[in-house]
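Counting from 1, the numbers follow the sequence of the chain as shown. This is a predicted model, so every value here is computed, not measured.
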Amino acid sequence: MLERPASPDHEEHTSSYYAASANRRTDFAPLEGETNADVAVVGAGFTGLSAAIALAERGHRVALIEANRIGWGASGRNGGQLIGGMSGSEAFERQLGEDGRRFLRETFYEGNRIVEERVARYGIACDLKRGWMYAATKPRHMKWLEADCREHMDQGHPFEMVDRDRLATMLGTRAYHGGLIDHGSGHLHPLNLAIGEADAATGLGVAVHEHSPVVGIEHGRKAIVRTPRGSVHADFVVLAGGAYHRLERQRLKGLLFPTGSYIVATEPLGTLAGQLIANDVAVSNTDMVLDYFRLSGDGRMLFGGRCNYSNREPSDIAGSIRPRMVEIFPQLAGKRIEHAWGGKIGIIINRVPAIGRLAPNVFYSQGYSGHGVNFAHLAGVILAEAVTGTRGRFDLFERIRHTRIPVDGWAGSQILALGMIYYRLRDML
């Protein structure tokens, strides 16, 4: 039996811009009493939501169980960038050879397409927009951006290079030396996407339960998922808790490290917004310890980064991020920061998502290392395929050899933080 300490309380959303601008406040009933399902999905972030929808669309009875609220974790508080591809692609290809290369080619935009199709099919209002830019912080970064652009254009992807002068007409800053635009990627309001997907799942017959932390899973031909006030008897279980779940820590120890990332939202900027990002794309820079920013649907600057691998929370998130934001955009020096928040993203050492099984009928997926909006949706579909017996893509991930740090928790975070100090120093050169 997999166990974690029971908690009588649930947590509300962090005080983010997304929570403040959510389309609605979800209020799904907690799990009460005993129930049956074909599949119990634990965790109502993007992985769990995507798996639940994919399974329900295939005719399965699904119970979706969330400890707090829909999209409470990284799915509902991230940077909102919908970026094609998968983290850890080099390691994935190195280990799997042609099988890995084929998967990466065939799925580069699949997560994006899943999101776009569900937004259209289920009428989800989440400020979905096309366009994402990789901005070069150093001249030498332009060479590998150009190589990346050529490779993707050869595969038919809508990529485009821009030099420094042209970039200055798109962004109200001279901080970058050029960039690579991916017109097939984009950005959105992640919490509203999650809420819309939960409503879509309900419409498909999924039993959605909030405020229902899983306290144990009993293995067997039929697994039993237990919460403080109820249980689900299911043929299959999908664990989709990401950086926040604590189930099966012994077997997953040293694999995933929750890492802090922080974001601020300014006051609405009016006409200034278009001067800062004229083409309304999302932007990430090319540093290993990166910044990312974009405009919200109501014209605020959302600026994030400053990843904290030691898991020590900043005492003043806005005070920590504002100097970097103003360095890039001096025009924002006098603008109010109205929201500041953070959360945990799941980092895997080799950056390849960890997808596997703990028993013949208990599957898991976690560790998207910053690419979760896109890849979590694809991972949910891959898990649904595995549950229904189509395991070709799932089996690729089971072949991956992951590097583990032999300790997790605080000690593991400090080891990881030391490694990231090295990369931060490299970014400064």
Side-chain angles (χ1 to χ4, degrees), residues 79 81-116 129-167 170-171 175-187 279 281-294 347-353 355 367-379 381-382 392-393 396-397 399-402 423 426-427:
Q81 300 200 3
L82 181 67
I83 304 170
M86 182 187 82
S87 65
S89 57
E90 291 181 4
F92 190 79
E93 184 176 334
R94 187 168 58 250
Q95 290 196 36
L96 299 182
E98 181 54 35
D99 289 342
R101 285 189 288 275
R102 184 183 307 109
F103 175 89
L104 294 170
R105 285 195 306 269
E106 292 175 351
T107 64
F108 187 80
Y109 284 130
E110 186 171 344
N112 293 24
R113 287 195 296 269
I114 292 167
V115 171
E116 291 171 350
K129 299 175 183 178
R130 282 286 185 94
W132 171 76
M133 179 188 294
Y134 214 4
T137 55
K138 295 176 176 61
R140 68 175 183 270
H141 293 174
M142 288 296 287
K143 291 184 179 179
W144 56 264
L145 286 183
E146 289 166 357
D148 196 40
C149 185
R150 287 192 297 271
E151 179 181 349
H152 282 283
M153 290 180 69
D154 288 345
Q155 296 178 33
H157 299 159
F159 275 44
E160 175 188 8
M161 286 297 299
V162 294
D163 61 22
R164 187 169 193 173
D165 290 338
R166 186 169 169 220
L167 184 62
M170 300 176 178
L171 301 180
Y176 303 112
H177 298 270
L180 170 62
I181 300 178
D182 174 3
H183 296 285
S185 292
H187 56 105
N279 53 351
V281 298
V283 181
S284 301
N285 72 17
T286 53
D287 285 341
M288 179 68 179
V289 185
L290 56 77
D291 300 317
Y292 51 88
F293 52 88
R294 65 186 186 91
I347 298 291
I348 302 285
I349 296 300
N350 66 6
R351 297 300 197 269
V352 179
I355 301 177
Y368 310 129
S369 301
H371 278 252
V373 180
N374 155 57
F375 195 81
H377 283 87
L378 174 55
V381 171
I382 290 173
R393 301 200 294 185
L396 289 177
F397 285 89
R399 289 166 54 187
I400 293 294
R401 300 180 305 278
H402 286 284
Y423 285 107
R426 281 186 54 183
D427 289 341

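Heavy atoms only, all atoms of each residue included: Asp148 and Leu180 are closest at OD2-CD2, 3.6 Å. Heavy atoms only, all atoms of each residue included: Val352 and Ala91 are closest at CG2-CB, 3.9 Å. When every heavy atom of Trp132 is checked against every heavy atom of Ser284, the shortest pair comes out as NE1-OG, 3.2 Å. Across Ile114 and Leu378, no two heavy atoms sit closer than the pair CD1-CA, 3.9 Å. Residues Gly85 and His371 approach most closely at O-ND1, 4.1 Å, considering heavy atoms. When all heavy atoms are compared, the tightest approach of Met142 to Val162 is CE-O, 3.8 Å.
Rounded to the nearest 0.5 angstrom, Glu160 CD and Met153 CE are separated by 8.5 Å. Leu396 CG to Gln95 CD: the interatomic distance, rounded to the nearest 0.5 Å, is 11.5 Å. Taken from CD in Gln81 to OH in Tyr292, the straight-line distance is 8.0 Å, to the nearest 0.5 Å. Distance check, rounded to the nearest 0.5 Å: NZ of Lys138 to NZ of Lys143 gives 15.0 Å.
Taking 4.0 Å as the cut-off between side-chain N and carboxylate O, Glu106 and Arg393 do not count as a salt-bridged pair.
A heavy-atom distance below 4.5 Å is not found between the side chains of Leu82 and Ser185. Taking the side chain as every heavy atom from C-beta outward, Arg294 and Lys129 never approach each other to under 4.5 Å. Counting only heavy atoms from C-beta outward, the side chains of Ile400 and Leu96 approach each other to under 4.5 Å. You'll find the side chain of Thr286 reaches within 4.5 Å of the side chain of Thr137, heavy atoms only. At a threshold of 4.5 Å between non-hydrogen side-chain atoms, the residues Ile348 and Pro353 do not count as touching.
The main-chain N or O of Ser89 is never found under 3.5 Å from a side-chain atom of Arg351 such that the two would form a donor-acceptor pair. Remark: the backbone N or O of Ile83 is paired with a side-chain donor or acceptor of Asn374 at under 3.5 angstrom.
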Can you list the steps and then say if His402 with Ile349 is a side chain to side chain contact (heavy atoms under 4.5 Å, CB included)? CA-CA 8 Å; His402 286 284; Ile349 296 300; over 6 Å; no
As a quick check of understanding, evaluate side chain to side chain contact (heavy atoms under 4.5 Å, CB included) for Leu167 and His177, giving each step before the final call. CA-CA 8 Å; Leu167 184 62; His177 298 270; over 6 Å; no
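Tested against Phe159 for a side-chain contact (heavy atoms from CB on, under 4.5 Å), the candidates Ile181, Asp182, Asp154 yield a single pass: Asp182. Each of His183, His187, Glu116 was scored for a side-chain hydrogen bond (donor to acceptor under 3.5 Å, both in side chains) with Arg130, with one residue passing: Glu116.
Judged as a salt bridge (charged side-chain N to carboxylate O under 4.0 Å, His left out), the pairs with a partner in residues 88-103 (not counting sequence neighbours) are, in order, Glu93-Arg101, Glu98-Arg101, Glu98-Arg105, Asp99-Arg102, Asp99-Arg399.
Applying the side-chain hydrogen bond (donor to acceptor under 3.5 Å, both in side chains) criterion to Tyr134, with sequence neighbours excluded, gives no partner residue. In this structure, the ring-ring contact (aromatic ring centres under 6.0 Å, His included) partners of Phe108, at least two apart in sequence or on a different chain, are His152, His157.
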